[in-house]
Student: 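This is the structure, below, for whatever I ask next.
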Amino acid sequence: MSGARRQINVLNVAEKPSVARSVATILSRNQGMRMREGRSPYNKIFEFEYTIQGQPCHMIFTSVTGHLMELDFDDRFRKWHSCDPAQLFHAPVCKFVPEDKKNIKRTLEDESRRCQWLILWLDCDREGENIAFEVIEVCKGVNHHLDTRSIKRARFSALIDREIHRAMQNLEGPNKHFADAVDARQEIDLRIGASFTRFQTMLLKDKFVIDSAAEERNLVLSYGPCQFPTLGFIVERYWEIQSHEPEEFWTINCSHKSDEGIATFNWMRGRLFDYTSAVIIYEMCVQEPNATVRKVQQQEKLKYPPYPLNTIELEKRASRYFRMSSEHTMKVAEELYQAGFISYPRTETDSFSSETDLQRIVQEQQGHPTWGLYAQQLLDPDAGLWRNPGNGGHDDKAHPPIHPTNLFTGGDRWSNDHCRLYELVVRHFLACVSKPAVGAETIVEIDIAGELFSASGRVILARNYLDVYRFESWGGSMIPTYEFGQQFIPTTLTLDSGVTRPPSLLTEADLLSCMDKAGIGTDATMHDHIKKLLDRCYATKDLHTCFSPTNLGEALVMGYDDIGYELWKPNLRSKMESDLREVSYGYKGKEVVLATCLEETKACFLDVRLNKVKLMEVMTIFFERVNRSTGDDQHGAGEVVRQCGQCQESDMVLKRNRDGNFMVGCLGYPQCRNAIWLPGPVLEATVTTNICNSCTPGPVHLIQFKFRQLGIPPGFSANHLGCIGGCDEILRQLIEICGTGSRTQVRARGPTASSGNVRQNNGREVTCIYCQQTGHTSSDCPSKVSGSRNARSRVMNQENGETTIPCSSCRTPCALRTANTANNRGRKFYSCPSQECNFFVWEDNVNNNSGTRGPSYANTSNSASNPSRRVGRGRGGRSEGRAADVTFVSATGEPLSGRRCFVCGDPSHFANVCPNRVT
DNA sequence: GCAAGGTC
């Protein structure tokens with residue numbers, strides 16, 4: 001019967017030329033396939049015969065290159081000054097084939113005219129579905145016989161025989177819901193992007209001297225729903241760093257040296273933020289230094305190879321290992337792909353299909369001079385090195401993970417980056433099919449005076465995948481052998497101080513992770529958004545691939561933040577994505593989602609425009625105004641207070657910030673960010689010709705203040721001739737009591753932000769009026785006496801006749817204990833029984849509402865740099881054991897004679913009872 | 001001169 005059926009022409013269209021070639025090759029079984037040119041040089045046409053469900057077909061196989069059409073405004077709205085940007089939320093838009101795609105369109109028209117069927121081989125994602133409808137529109141435009149019965153969609157998840165033949169036997173209709181979701185996304189992105197970009201560019205560009213831009217005439221201050229949240233991640237981290245308040249902490253470290261080597265024991269409490277508590281516990285340890293081994297645990301540990309490689313992981317690892325930018329990585333990967341050395345580099349998939357012939361890929365690498373031997377071992381069953389790769393849980397149903405497709409040994413044509421990126425792909429692949437590394441780990445816990453310490457050692461038993469994956473390491477460290485119950489005297493027992501550090505700037509790998517997590521961009525576009533921030537001068541990248549915002553980037557984010565909309569956060573995009581998902585499932589109509597989203601963003605746009613003065617004000621902080629009066633009356637000679645002690649180049653002048661509050665700031669801003677903030681209730685302030693007699697380096701001009709009477713406490717005069725040089729006690733007290741006029745809004749996230757002391761002073765660095773040091777205000781000055789900073793209320797419980805209070809961290813009842821140290825013998829205290837908590841408080845302080853601080857945010861510790869804050873046991877003293885015999889050493893190892901107070905140096909007492917200590 | 005998404 002089939003023999004009687006007349007052959008029909010079938011036009012097949014793939015999303016890209018490579019897929020057209022692959023699918024055509026599979027379907028034709030590489031027999032009788034002919035290739036000819038189309039109108040576009042990149043999109044070849046393949047022809048062969050094929051039978052679909054008994055129907056003989058002449059197959060014509062060609063491709064597009066991604067989207068065939070673009071969306072833009074009607075001509076009359078395209079010029080920037082053609083309309084009010086607000087109109088762009090409802091101005092008519094049209095879809096059209098751009099000039100560079102016209103040849104592809106013509107090929108489709110030529111071929112579809114003589115076809116009876118159209119089969120769409122686009123990628124199986126939303127964008128692919130949308131492109132399918134673009135192709136349908138072009139083909140139906142010239143062939144009116146094409147309809148739902150003759151237009152089919154082939155859905156395939158991999159370019160392998162079985163999958164392609166299966167797709168061909170199960171042709172379906174195209175999914176309009178998927179395509180609608182993309183239409184909505186395109187329109188929203190266009191309208192939001194164009195309106196905000198035109199608005200902020202025209203508002204700010206010509207009003208400020210934006211020095212970061214090389215070509216100011218071409219400066220575009222773009223806004224995009226992906227680029228701005230990406231910038232937001234960078235700025236937010238930058239603000240976190242700026243607002244970090246270093247906190248000193250203390251920790252006890254212990255080591256033990258024997259014939260077998262050294263073990264370093266870490267205190268299981270980690271760190272204490274209360275100095276007195278740390279000293280007390282340290283003192284108890286020193287007085288009873290005998291260590292008892294409480295636990296010896298040995299176990300086998302495995303270190304697994306990474307999951308198969310997808311695009312984001314390739315970009316992150318190339319950035320981490322080679323410091324290659326994601327944009328450059330994709331360019332190099334594309335070239336390797338084009339040359340046939342690696343598989344398609346834009347893929348979300350991180351698991352191999354069971355159909356993939358992994359052994360064949362390894363076989364191809366056996367001849368490589370560097371890792372060929374490893375590939376041979378992998379294929380040798382006796383070596384036992386093979387392991388089926390893990391499943392990373394992502395599958396875009398279109399492409400396999402990135403893997404080598406051919407042996408590549410370099411050559412003149414290829415750069416170093418091509419070679420090392422190929423090496424990464426191969427080594428990563430070989431690692432994926434290798435067994436994990438095996439190690440034997442030993443954990444030893446010891447008890448000194450009731451405090452627990454632990455040490456661990458590791459021996460690598462089998463390196464396995466680490467032998468080929470040179471980018472990862474797994475350190476081995478030996479510790480001496482210990483037995484349960486064994487006792488010994490530690491070799492060193494030190495009380496060390498450290499300072500909490502702010503987090504690091506975001507690296508490119510971090511930024512990609514943030515974007516991936518928040519759903520900003522796709523695997524194929526993330527690197528574009530990052531590059532755009534650099535091109536737009538919103539951010540810079542240093543040699544370590546760390547990103548910092550430029551003044552322009554920070555100003556824009558700060559401006560929108562001030563207006564109150566979270567336009568720089570990922571939420572807007574996430575909400576939009578969730579709406580689009582509803583469209584793609586058919587739960588919501590495209591028109592409804594479009595209308596709602598555009599209505600909301602237009603309202604937001606109008607409100608932003610209403611508050612544009614806030615954007616302008618923030619820009620004023622960072623940039624000079626264009627055509628500003630050259631008289632510089634704001635910074636006139638009479639306003640200079642003193643020379644800046646920080647940059648020692650410019651003058652510090654009295655001025656008002658944008659909220660109208662007074663400050664003394666360096667004229668070298670923004671290069672120098674030194675600033676002194678004045679009390680909030682200042683009504684008027686004038687620099688006088690009077691010079692302070694005591695403050696140096698002089699001259700420091702006195703300022704005549706007038707305070708709001710109701711803003712200052714009773715007993716203070718509303719008029720005050722004050723000095724900002726550090727000598728003025730009244731000014732200092734007023735700042736402590738009333739605060740300053742600086743910005744108090746917390747911009748940082750994370751635990752440090754909750755302290756309430758965080759101030760983002762418009763990008764300026766604060767100088768304490770009390771001690772003249774930077775990094776804190778006088779209200780946080782460590783030099784001043786204050787008993788309330790760590791105050792916390794405690795509740796007393798009576799349980800079974802035992803006095804307990806709840807731990808501040810884990811709420812575990814903490815029983816009353818008695819100290820047995822020389823200086824505090826008999827004194828009662830509470831401490832958390834959990835070794836993971838830092839809670840410690842003297843009983844007599846409970847009623848005073850003081851206690852230790854809970855764990856604080858920090859990611860790095862710092863060994864003490866101040867010798868007076870570091871003590872340790874004497875070295876080499878065999879007779880040590882009692883406190884009286886212990887010798888203390890400085891950080892540099894210099895012995896300190898006898899025991900002495902860390903605060904005043906007095907050898908007669910410890911710091912916890914020092915009369916000079918601030919509590 | 002604007003977005004983001006395909007891909008060459």
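To find a chain, count down the sequence lines: A is the first, B the second, and so on, and within it residues start at 1.
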Student: Check residues 64-76 of chain A and write down every donor-acceptor pair under 3.5 Å in which the side-chain atom is one partner and the other belongs to a residue at least two apart or another chain.
Tutor:
from, atom 1, to, atom 2, distance (Å)
A:H67, ND1, A:E134, OE2, 2.9
A:H67, NE2, A:E127, OE1, 2.6

Student: Side chain of A:S222 only, please: which of B:dA4, B:dT7, B:dC2 is the nearest?
Tutor: B:dC2
Student: Please pick, from B:dG5, B:dA3, B:dG1, the nucleotide with the shortest atom-to-atom distance to any side-chain atom of A:R573.
Tutor: B:dG5
Student: Does the side-chain ring of A:Y223 lie flat on the base of B:dA3, meaning centres under 5.5 Å and planes less than 30 degrees apart?
Tutor: no
Student: Quick check on B:dG5: is either OP1 or OP2 less than 4.0 Å from any side-chain nitrogen or oxygen of A:H529?
Tutor: yes
Student: Taking only the side-chain heavy atoms of A:P225 (C-beta and beyond), determine which of B:dT7, B:dA3, B:dC2 contains the nearest atom.
Tutor: B:dA3
Student: Is there, by distance only and without an angle test, a donor paired with an acceptor across the side chain of A:T197 and the base of B:dC2 below 3.5 Å?
Tutor: no
Student: Mapping A:D523 and A:R198 onto DNA chain B by nearest heavy atom, which one lands closer to the 5' end?
Tutor: A:R198
Student: Considering only side-chain heavy atoms of A:P17, which listed nucleotide, B:dA4, B:dA3, B:dC8, is closest?
Tutor: B:dC8
Student: Which of the following nucleotides, B:dT7, B:dA3, B:dC2, is nearest to the side chain of A:L190?
Tutor: B:dA3
Student: Report yes or no: is the cationic atom of A:R413 (NZ for Lys, CZ for Arg) under 6.0 Å from the centre of the six-membered ring of A:F341, at an angle within 45° of the ring normal?
Tutor: no
Student: Going by the side chain to side chain contact (heavy atoms under 4.5 Å, CB included) test, name the single residue among A:V557, A:L506, A:D561 that passes it with A:V235.
Tutor: A:V557
Student: Would you find a donor on one side and an acceptor on the other, under 3.5 Å apart, between the side chain of A:E348 and the backbone of A:N310?
Tutor: no
Student: A:D123 near the nucleic acid: base, sugar-phosphate alone, or nothing, with a heavy-atom cut-off under 4.0 Å?
Tutor: sugar-phosphate
Student: At under 4.0 Å between heavy atoms, what does A:G128 touch on the DNA or RNA strands: base, sugar-phosphate, or nothing?
Tutor: nothing
